[in-house]
Number of protein chains: 2
Amino acid sequence: MAVDDVDRRLLGLLQEDATQPYAVLGEAVGLSAGAAHERVRKLKASGVIRRTTIEVDPAALGRGVLAYVLLDADAWMGDKRAALEAIGAVEEAHVIAGPASVLVKVRAGTTEELQQTLRALHQVDGVTSTQTVVVLESFFERPPAVV
Amino acid sequence: MAVDDVDRRLLGLLQEDATQPYAVLGEAVGLSAGAAHERVRKLKASGVIRRTTIEVDPAALGRGVLAYVLLDADAWMGDKRAALEAIGAVEEAHVIAGPASVLVKVRAGTTEELQQTLRALHQVDGVTSTQTVVVLESFFERPPAVV
DNA sequence: GCTGAAACACCTCACTT
DNA sequence: AAGTGAGGTGTTTCAGC
C-alpha cells in the first residue's frame with residue numbers, strides 16, 4: 001500500500017494516543033474527521049496498522065529485570081520459533097548473522113527467574129551455550145519511527 | 001498499585017485489542033461494563049497502562065532492516081540518553097553489564113541507512129567502537145507478558 | 001477521494017446495593 | 001467495590017460533490 005506523508009503523520013499521532021477523536025486527528029493533518037477516518041481504515045485494512053493495543057509498564061507487573069541472551073547452536077535454529085515462544089519471559093527472538101545463532105530478549109521478575117529462563121533456553125534443542133547481557137538501565141524503548 | 005488476577009486478564013485482553021467495548025471486556029472476566037471500566041481507569045491512573053497506541057508494521061513503512069549494536073566507550077555513558085534518542089533509527093537504548101557499555105536496537109530501511117546510523121553512533125561522545133548484530137529473520141516481537 | 005449530516009453505539013456518571 | 005440506568009459524546013455510515 002502507498003503510505004504518503006499525511007498517513008505517516010496520522011500514524012505518529014495514533015502512536016502517541018490512539019484514543020483521539022478523528023475530528024482532532026483530521027484537524028492536525030488538515031482533513032475532515034471523515035477523511036481522516038477513511039485514511040486510518042485503509043491503514044488498518046492493509047496491515048500497516050496491525051492492531052490497537054495498550055502499552056504496559058513491565059516493572060509495575062513485576063518484570064523489572066531485562067536481559068538479552070545470545071544463543072549458540074549446533075543445528076539449524078530456523079524451526080525453533082514455537083519452542084522459544086513457549087517461554088513466557090522471552091519477548092523477542094531473532095535469527096542473527098554473526099558469531100551466535102539466535103538473539104532473544106528476556107524480561108523476568110527477578111534474577112532467579114532470569115536464571116530459570118536461561119535454563120529453559122539451554123533445554124531448547126540445538127542450543128549449546130548462551131551469553132547473557134544484563135540491562136542495568138533502560139534509556140528508552142520506543143515504537144518504530146514512522147517518518 | 002495492587003494488580004490482581006482480574007486486572008491481568010483485562011490487560012491481556014486490551015493488549016490483543018484495545019478497541020473492545022467495556023461490556024465485552026467485563027463479560028470475559030465476569031464483571032459488568034461499569035466495573036470493568038473502573039478497573040481499567042485505575043490501571044491507567046496508576047501508570048500500569050502507560051497509553052493506548054497502535055502497533056505498526058515496520059516493513060510496510062520501509063524499515064525492514066533490524067540490527068542490534070553493542071557500543072564500547074571510554075567514558076561514562078549514563079548521560080548519553082538524549083544523544084541516542086536523537087538518532088531516529090535507534091528504537092531502544094540500554095546501559096548494560098558486561099564487556100560493552102550500551103546496547104541499542106536499530107531499525108533502518110536499507111543497509112546503507114544502517115551504515116549511516118552506525119556512523120552517527122560512532123560520533124556520540126565516548127563511543128570507541130561498535131559491534132553490530134544483523135537480524136536475518138525475526139521469529140516474533142511481542143509485548144511484555146502480563147500473567 | 002473528500003465533505004457534511006444523521007443514526008447508532010459507546011462511554012460516562014450519579015445513584016444504589 | 002460492583003451493578004444499574006439515563007444523558008452526552010464520538011463514531012460510523014451514507015449520499016453528494
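Each chain gets a letter, A, B and so on, in the order its sequence line appears, and its residues count up from 1.
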Table of protein N/O atoms under 3.5 Å from nucleotides 6-10 of chain D N/O atoms:
none

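You'll find that the side chain of Ser32(A) is closest to dT3(C), out of dA2(D), dT3(C), dG3(D). When distances are taken from the side chain of Leu31(B) to each of dA1(D), dA2(D), dC2(C), the shortest belongs to dA2(D).
Across the protein-nucleic acid pair, Glu27(A) atom CD and dT11(D) atom C1' stand 17 Å apart, rounded to whole Å. Here the P atom of nucleotide dA1(D) and the CG atom of Leu10(B) are 15 Å apart, to the nearest Å. Nucleotide dT11(D) holds its P atom 10 Å from the NZ atom of Lys44(A), rounded to whole Å. Between the CG atom of Asp7(A) and the C1' atom of dG1(C) there is a distance of 12 Å, rounded to whole Å. Nucleotide dC10(C) holds its P atom 13 Å from the CG atom of Asp17(B), rounded to whole Å.
Listed pair Arg41(A) / dT12(D) fails the phosphate criterion, with no side-chain N or O lying under 4.0 Å from OP1 or OP2. Residue Arg39(B) places none of its side-chain N or O atoms closer than 4.0 Å to OP1 or OP2 of dA1(D). Contact check, His37(A) against dT11(D): no side-chain N or O comes under 4.0 Å of OP1 or OP2.
Other residues, nucleotides and ligands contribute at most 12 non-hydrogen atoms within 6.0 Å of the CD atom of Glu27(A). When the shell of 6.0 Å around CD of Glu85(B) is examined, it contains more than 12 heavy atoms from other residues, nucleotides or ligands. Within 6.0 Å of atom CD in Glu141(B), more than 12 heavy atoms from other residues, nucleotides or ligands are found, so the atom counts as buried in its surroundings.
Summary for the helix from dG1(C)-dC17(D) to dT17(C)-dA1(D): the axes at its two ends, each from 5 pairs, differ by 30° when rounded to the nearest 10 degrees.
Counting only distance, with no hydrogens or angles, the side chain of Gln20(B) and the backbone of Asp17(B) share a donor-acceptor pair below 3.5 Å. Between the Glu16(A) side chain and the Leu11(A) main chain, no donor and acceptor come within less than 3.5 Å of each other. In terms of modelled atom types and a separation under 3.5 Å, the side chain of Gln15(A) and the main chain of Arg142(A) share no donor-acceptor contact. A donor-acceptor pair is defined here as one N or O able to donate and one able to accept, closer than 3.5 Å; no such pair exists between the side chain of Arg50(A) and the backbone of Asp57(B). Looking at Glu92(A), its side chain never comes within 3.5 Å of a backbone N or O of Phe140(B) through a donor-acceptor pair. Side chain of Arg9(B) to main chain of Val147(B): no donor-acceptor pair is present (N/O by atom type, distance under 3.5 Å, no hydrogens or angles).
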